[in-house]
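Just below is one structure, and these are the notes that go with it.
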Amino acid sequence: MKDRPVVLKLGGSVITEKDRPLTPNLQAIGRLAEEIARAKVSPIVIVHGGGSYGHPIAKTYRIAGGFKDQAQLVGFSKTHEAMVSLNRLVVENLLDRRLPAFGMAPSSFILTSKGRIQVFQGELLTRAIKTGLIPVLYGDAVLDTDQGFAILSGDQIAALLAVKLKAERLIMGVDVDGLYDSNPKTDSSARLISRLTLEEVSELANKIGGAEVSDVTGGMLGKVSELMAPVARGIETVIVNALKPDYVYRALKGEKVVGTRIEA
Ligand code: IP8
């Protein structure tokens with residue numbers, strides 16, 4: 001590929017109302033589409049999360065744990081369909097800003113094994129990018145060689161794409177300012193970590209420890225572990241608050257922005 005693409009992940013808790021099933025955050029989706037259009041970054045690949053679309057259905061039918069009984073099959077399909085609906089909203093908002101967004105279902109070209117990506121048939125995706133389209137992917141219910149099916153997170157997809165496409169930059173848009181040294185929701189002395197090396201990530205994981213990991217830090221540490229591979233390959237990787245206007249815009253432009261930058 002001539003130009004190295006930017007990979008942008010939009011968190012499910014940014015583009016949906018996390019606590020209300022099947023409720024999009026249309027204001028955030030519209031604003032982010034406008035920021036992406038204004039930044040004029042090309043090529044760009046977008047991946048979004050599930051939020052209140054994919055997750056509640058996947059949970060009800062226990063999709064992440066794999067096939068156990070026949071009744072889950074409908075749930076597998078419903079999870080995927082919910083993600084297709086959310087994807088359509090994101091794509092439509094980008095099209096409204098005259099961006100050639102093209103929704104692509106990860107379950108059509110990715111196969112996992114125990115939830116980890118095993119087969120990635122990237123030819124169509126690279127072709128779409130070369131043609132000038134903006135692929136818009138999402139965390140999806142996918143087929144799995146070991147357990148029948150699985151839930152594949154948008155984070156895992158975004159990290160893999162960054163590596164495979166030799167991305168210029170990987171931007172993770174989340175609903176907090178970045179990674180903190182403790183949980184900012186319960187600890188008023190929590191400090192935002194603006195720069196972090198791979199080595200420090202594992203130290204921080206040990207310090208916080210399994211059981212006490214809060215939603216914010218725990219979720220973030222899980223995210224950060226996905227980011228290890230692209231960071232190790234020298235891909236600039238940054239976590240920013242996508243709920244705050246212009247943070248994603250600035251990250252797309254490579255400008256200075258509040259967040260956590262992870263370095264090799
Ligand atoms: O929100 C999972 O993607 P994530 C999406 O990026 C589904 O973890 C299908 C639950």
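Read the numbers this way: they start at 1 and go in the same order the structure lists the ligands and their atoms. FYI, the numbering just counts along the sequence from 1.
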*asked:* Could you identify the single nearest non-hydrogen protein atom to atom 2 (C) of ligand 1 and state the distance to 0.1 Å?
replied: H55 NE2, 3.7 Å

*How close does the nearest protein non-hydrogen atom get to atom 7 (C) of ligand 1, and which residue and atom is it?*
I151 CG2, 3.9 Å

Atoms of ligand 1 close to [X] [distance to a heavy atom under 4.0 angstrom, numbered from 1]:
X    : result
T79  : 9 (C)
K9   : 6 (O)
G49  : 1 (O), 4 (P), 6 (O)
G54  : 10 (C)
G50  : 1 (O), 3 (O), 4 (P), 5 (C)
G154 : 3 (O), 4 (P), 6 (O)

Spell out, as yes or no, whether a donor-acceptor pair under 3.5 Å connects the side chain of [X] to the backbone of [Y].
X   : Y    : answer
S52 : D19  : no
K18 : S13  : no
N87 : G103 : no

_Flag for D146-S113: side-chain donor and acceptor within less than 3.5 Å_ = no

_Whether the T112 and D144 side chains hold a donor-acceptor pair (N or O, under 3.5 Å, no angle test) is what I'd like checked._
yes

*Counterpart residues, ring pair (Phe, Tyr, Trp, His ring centres under 6.0 Å), relative to Y247 (two or more places apart)*: none

*asked:* Holding to side chain to side chain donor-acceptor pair (under 3.5 Å), I want the full list of residues that pass it with S189, two or more places apart in sequence or in another chain.
replied: D187

*For ligand 1, note which part of M83 has a heavy atom under 4.0 Å away: side chain, backbone, both or neither.*
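Side chain only; the backbone of M83 stays clear of ligand 1.
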
*asked:* Check for me whether G12 has a heavy atom closer than 4.0 Å to any atom of ligand 1.
replied: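 Not so, G12 does not reach ligand 1.
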
